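Inspection log for the structure reproduced underneath, given as structure tokens.
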Amino acid sequence: MSKPPSERIPTSAELLPIRDEESEPENSFPNGVDVEPFVNHETSGKDDVNTVIDVENIAEQNSGTLSASAVETNGDVERTSEQIINGLVLPSVTKALAINGEQLSSMQLEELIGMIKNAERNILVLNQARVHALEDIHKVLDEKETLQGEINILEMRLAEADARIKVASQGKIHVEFLESQLKMLRNELTGRCELEPYENQKKFSNEEVLSTHDDHSLNKDVDSLRTENLALKNDIQALKSMISNVKNTDERMATLENECSFLGSSVKELESKLLVSQQDSSKISTIKVEHEELWEKVENLQQLFDTATKQADQATLVLQQNQDLRKKVDKLEKSLEEVNVLKVSSDKMQQYNELIQKKIKLLEERLQKSDQEIYSFVQLYQESLEAFQDTLNSLKEESKKRTSDALVDDVPWEFWSRLLLTIDGWVLEKKISNSDAKLLRELVWKKEQCIRDAHIACKEKNEREVISTFLRLASSQTSPGLYIVHIAAEMAPVAKVGGLGDVVTGLGKTLQKKGHLVEIILPKYDCMQYDGIHDLRALDVTVESYFDGKLFQNKIWVGTVEGLPVYFIEPHHPNKFFWRGQYYGEHDDFKRFSFFSRAALEFLLQAGKKPDIIHCHDWQTAFVAPLYWDLYAPKGLNSARICFTCHNFEYQGTASASELASCGLDAQELNRPDRMQDNTAHDSVNPVKGAIVFSNIVTTVSPTYAQEVRTAEGGKGLHSTLNSHSRKFMGILNGIDTDAWNPATDNFLKVQYSANDMQGKAENKAAMRRNLGLSSADDQWPLVGCITRLVPQKGVHLIKHAIYRTLEMGGQFVLLGSSPVPHIQREFEGIANQFQNHECIRLILKYDESLSHAIYAASDMFIIPSIFEPCGLTQMIAMRYGSVPIARKTGGLNDSVFDVNEETIPHQIRNGFTFTTPDEQGINGAVERAFNFYKNNKESWKQLVQKNMNIDFSWDSSASRYEELYAKSISRARAQASNN
């Protein structure tokens with residue numbers, strides 16, 4: 001900041017004295033005026049004084065002519081000086097000489113000329129002071145313009161604040177107040193700016209008139225400007241304080257948004273519980289149907305019983321009739337006896353007797369037949385009773401078994417996971433042995449009802465009684481599946497950055513449903529979504545692990561996430577490795593995750609776990625493979641085979657070889673070409689390369705990507721290593737969570753729908769248009785969706801071209817996503833502003849979970865023009881929601897999207913539109929073919945959409961591939977062990 005103008009004005013001490021004894025004498029005034037005839041020696045003293053006073057007055061009058069209206073050049077200053085001497089000084093001196101009327105002596109003349117010369121120099125000094133003052137005034141004006149610029153910036157910020165405060169009605173009054181204040185200030189400044197140039201111009205034009213004023217007026221002008229500037233600064237401070245109030249309003253809005261997001265997460269949790277209850281209801285309905293079938297069987301048996309009872313009644317009736325006949329026979333016999341006694345000899349009597357005998361034989365035959373019939377009816381009745389009793393017994397046993405199985409199956413996975421975590425806690429706390437823990441784990445593993453009942457019965461007991469009860473249940477068991485431990489840096493939804501978190505959760509849940517015991521080990525980040533962890537608690541034991549030549553304590557936390565048991569490791573390290581507020585991107589990531597990898601293996605060792613598979617992911621846990629074989633297998637943790645999955649070979653975590661020693665690995669031994677030495681920098685180690693070399697199974701996330709990374713272009717320096725280990729390397733396409741991404745049950749949608757009922761999709765499209773302000777004039781306009789991170793990998797230049805091409809072809813385009821690259825974000829912000837109120841284009845440059853579901857449901861087509869894509873999930877989700885993909889043939893896109901016009905592909909798996917070259921011509925061809933198909937083949941398009949919605953993109957098939965790899969690796973290991 002320059003000095004104030006008043007400090008730059010020269011004082012009288014700086015001016016040259018009027019009498020200058022060392023100055024050279026002059027014989028004449030400027031312009032050739034001869035003064036010698038006017039010199040009078042007798043009045044020289046008095047004239048001397050008068051001349052000095054006149055010259056000083058002239059100097060003072062001259063200084064009063066300074067004006068702040070404009071800055072003059074040096075040439076102007078010199079001309080002004082000559083004008084002052086010729087126009088003011090000489091006439092004044094001449095006048096003074098004329099008053100005396102007598103001639104001066106030569107000595108006095110020389111003194112007078114010297115005084116005039118000094119006066120001229122003083123005038124020059126004053127002119128220089130004037131120039132400095134004008135410069136200062138110019139600087140003041142510049143500062144004023146700067147302040148005006150700051151005010152403009154403040155106006156822009158206030159405009160932004162207006163847009164936000166419109167949403168919050170409570171801040172409207174403040175905004176109106178600020179606008180009025182700003183308008184008043186602007187008018188005041190405008191008035192001042194208009195007034196000052198006019199006043200300065202007036203001063204400049206009347207410079208000779210103002211020359212009679214005092215030097216003091218300049219100071220007043222400058223001081224007034226300073227006062228005005230201070231007032232402006234005070235106004236700006238007031239505006240800043242007002243804007244801070246607006247920011248406080250924004251903070252309150254942010255707090256409300258956080259509360260809203262919390263309520264949203266609570267609603268999601270309630271919705272998930274509702275979904276579980278709906279599933280339970282479906283199970284209950286199934287049981288009701290089975291119960292109704294059983295009742296039908298009982299009713300049939302009751303009918304059989306009634307029939308048998310009726311037949312028994314008929315048999316009883318026949319038996320009574322036979323008894324009556326026997327009584328009659330007895331009477332006849334008595335009659336015959338009487339006849340024999342009377343010895344009636346007549347022939348009629350004999351004939352009668354013969355007839356009676358025949359009747360008796362007939363009756364005896366009938367009686368014998370009836371006895372046989374009665375016996376057969378009784379036997380049939382007894383058999384029916386036995387069959388009925390057997391059926392009832394079997395039904396009772398079956399009902400008991402089903403009830404028992406239903407009770408066990410209805411128990412959620414969280415229960416079994418908590419039980420496993422409890423058993424592991426007992427082991428770490430040395431309350432049970434490893435062998436007992438293994439037996440108890442197997443009981444939990446098989447979901448035995450006995451251990452469930454024991455756990456329920458022990459709710460009111462203390463821990464010692466619970467442990468005693470559980471130990472009584474321990475017995476020799478055969479494991480029904482594999483014991484798999486995932487060691488990873490991410491897990492959805494509690495610690496998710498990209499697709500890695502989805503894979504760990506999706507694959508783990510599916511393997512668990514297939515009967516395998518699955519556990520996850522994660523770092524305990526401070527920034528995790530803790531509301532997604534159930535029953536989180538810390539164990540009463542710490543695990544010590546080696547790092548940088550010391551032993552550090554690790555606190556072990558346990559909880560369940562999506563029904564999976566999870567162990568969280570919290571290092572007690574002074575560098576607070578996982579308390580950084582973010583998952584990745586720290587300067588010491590290599591140290592952070594090498595520490596975690598060793599601590600995870602140390603936990604498995606000290607807990608006495610014997611997993612069949614240890615599955616590690618990406619470079620962050622790639623250290624597990626060399627650590628396992630070099631350090632932990634010799635210590636007894638030797639039951640497992642190591643599986644490593646690289647989700648993106650772009651990220652390899654290379655670092656100086658010396659840093660590898662921190663986690664206890666031999667850097668000199670491992671920094672070799674056939675081990676962990678980086679293929680491009682021989683003084684660095686590559687964790688991904690180390691995992692490829694030391695793992696038993698190596699996978700990536702799609703078959704095509706597995707082929708691409710074995711080339712020099714796609715392998716990012718690791719193609720030679722992958723080719724050397726190609727026998728254990730393969731690609732398995734990821735799946736999606738079909739429960740979370742299901743249009744028939746998606747609560748984010750306005751209307752749920754399915755492949756058999758597509759009306760809901762049209763309603764979601766109409767709702768999306770209304771919500772985003774897009775035109776609904778033509779329902780036949782295709783809506784193209786795009787949800788992505790705006791990074792070069794995703795083909796941002798092709799996305800930008802697709803926006804304009806869609807508009808040219810009569811479609812609508814919706815983009816959801818943001819960019820971590822500043823210039824890309826700014827570029828798309830410019831496009832968003834360009835189409836801010838357009839009826840066909842809308843760009844939302846952020847991520848919004850609910851809006852993403854709505855875009856999938858509303859769009860007719862989906863753009864995925866990636867330059868490279870290891871797997872990709874958006875194309876699978878889009879097809880599940882009935883949006884036809886337009887994708888580039890690369891990586892996982894090539895394995896999941898097949899062109900409808902490709903004759904070499906079976907018709908039943910054609911599902912989208914593809915292109916090969918990553919340029920405008922390539923994407924143009926695919927987009928044009930999609931638009932033509934949509935507009936000209938409505939029925940075929942509908943069939944294509946329905947077919948896509950029925951494609952199975954779940955984790956089932958992918959998990960089966962992993963099961964097969966796990967089993968083969970374990971079989972090979974056991975075969976080698978038996979041969980040895």
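We're numbering straight along the sequence, starting at 1. This is a predicted model, so every value here is computed, not measured.
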Do the non-hydrogen side-chain atoms of [X] and [Y] ever get within less than 4.5 Å of each other?
{"X": "P626", "Y": "M676", "result": "yes"}
{"X": "I521", "Y": "F603", "result": "yes"}
{"X": "K689", "Y": "L722", "result": "no"}
{"X": "I520", "Y": "V518", "result": "yes"}
{"X": "L601", "Y": "L637", "result": "yes"}
{"X": "H615", "Y": "F644", "result": "no"}
{"X": "K635", "Y": "L605", "result": "yes"}
{"X": "F568", "Y": "V558", "result": "no"}

Between the main-chain N or O of P870 and the side-chain N or O of S702, is there a donor-acceptor pair closer than 3.5 Å? yes
Flag, side chain of N554 to backbone of A599, donor-acceptor distance under 3.5 Å: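 No, because the side chain of N554 does not come within donor-acceptor range (under 3.5 Å) of the backbone of A599.
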Could you go through R675 and D666, starting from their C-alpha distance and side-chain angles, then the distance that decides it, and tell me whether this counts as salt bridge (Lys or Arg N to Asp or Glu O under 4.0 Å)? CA-CA 12 Å; R675 297 197 178 178; D666 189 340; over 6 Å; no
Evaluate the side chain to side chain contact (heavy atoms under 4.5 Å, CB included) criterion for residues Q512 and S417: first the C-alpha distance (whole Å), next the side-chain angles of each, then the deciding distance (0.1 Å), finally the verdict. CA-CA 11 Å; Q512 187 185 61; S417 298; 4.0 Å; yes
Could you walk me through whether Y628 and I614 satisfy the side chain to side chain contact (heavy atoms under 4.5 Å, CB included) test, starting with their C-alpha distance in whole Å, then the side-chain angles of each, then the deciding distance to 0.1 Å, before giving a yes or no? CA-CA 10 Å; Y628 178 84; I614 296 177; 4.0 Å; yes
Is there a donor in the side chain of [X] and an acceptor in the side chain of [Y], or the other way round, less than 3.5 Å apart?
{"X": "E602", "Y": "Y546", "answer": "no"}
{"X": "D678", "Y": "S684", "answer": "no"}
{"X": "T890", "Y": "E869", "answer": "no"}
{"X": "T645", "Y": "T699", "answer": "yes"}
{"X": "D548", "Y": "S662", "answer": "yes"}
{"X": "R598", "Y": "Y632", "answer": "yes"}

Nearest 0.5 Å please: distance from the CG atom of N648 over to the CG atom of D618.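 One gets 7.5 Å once the value is rounded to the nearest 0.5 Å.
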Distance check, rounded to the nearest 0.5 Å: E544 atom CD versus F552 atom CZ?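 It comes to 11.0 Å.
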Determine the interplanar angle of the H573 and F577 rings, folded into 0 to 90°, and report it as parallel if under 30°, tilted if 30 to 60°, perpendicular if over 60°.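 H573 and F577: parallel rings.
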Hey, can you tell me if W619 and F590 have their rings parallel, tilted or perpendicular (30° and 60° cut-offs)? parallel
Closest non-hydrogen atom pair, [X] against [Y]:
{"X": "A633", "Y": "N638", "answer": "O-CB, 3.8 Å"}
{"X": "Q875", "Y": "G892", "answer": "NE2-O, 3.9 Å"}
{"X": "N679", "Y": "G717", "answer": "ND2-O, 2.8 Å"}
{"X": "V494", "Y": "Y583", "answer": "O-OH, 3.5 Å"}
{"X": "K555", "Y": "A538", "answer": "CE-CB, 3.5 Å"}

Could you please spell out the steps behind the side chain to side chain contact (heavy atoms under 4.5 Å, CB included) verdict for I613 and Y962? CA-CA 11 Å; I613 296 291; Y962 275 106; over 6 Å; no
What do you reckon, is CZ of R580 surrounded by more than 12 foreign heavy atoms closer than 6.0 Å?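 Atom CZ in R580 is packed in, count exceeds 12.
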F578 and its ring pair (Phe, Tyr, Trp, His ring centres under 6.0 Å) partner, picked from W557, F593, F595: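 Option passing the ring pair (Phe, Tyr, Trp, His ring centres under 6.0 Å) with F578: F593.
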Which pairs pass side-chain hydrogen bond (donor to acceptor under 3.5 Å, both in side chains) with one or both residues in residues 486-496, sequence neighbours excluded?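 Every pair satisfying side-chain hydrogen bond (donor to acceptor under 3.5 Å, both in side chains) with a residue in residues 486-496: H486-H617, E490-Y584, K496-D502.
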Pairs meeting criterion side-chain hydrogen bond (donor to acceptor under 3.5 Å, both in side chains) with involvement of residues 724-737, two or more places apart: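 Qualifying pairs, neighbours excluded: none.
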Does K716 form a salt bridge (Lys or Arg N to Asp or Glu O under 4.0 Å) with E650? I'd like the steps, not just the answer. CA-CA 7 Å; K716 307 300 179 182; E650 189 81 11; 3.4 Å; yes
Could you go through the side chain to side chain contact (heavy atoms under 4.5 Å, CB included) check for I569 and I556 one step at a time? CA-CA 5 Å; I569 296 180; I556 307 299; 4.0 Å; yes
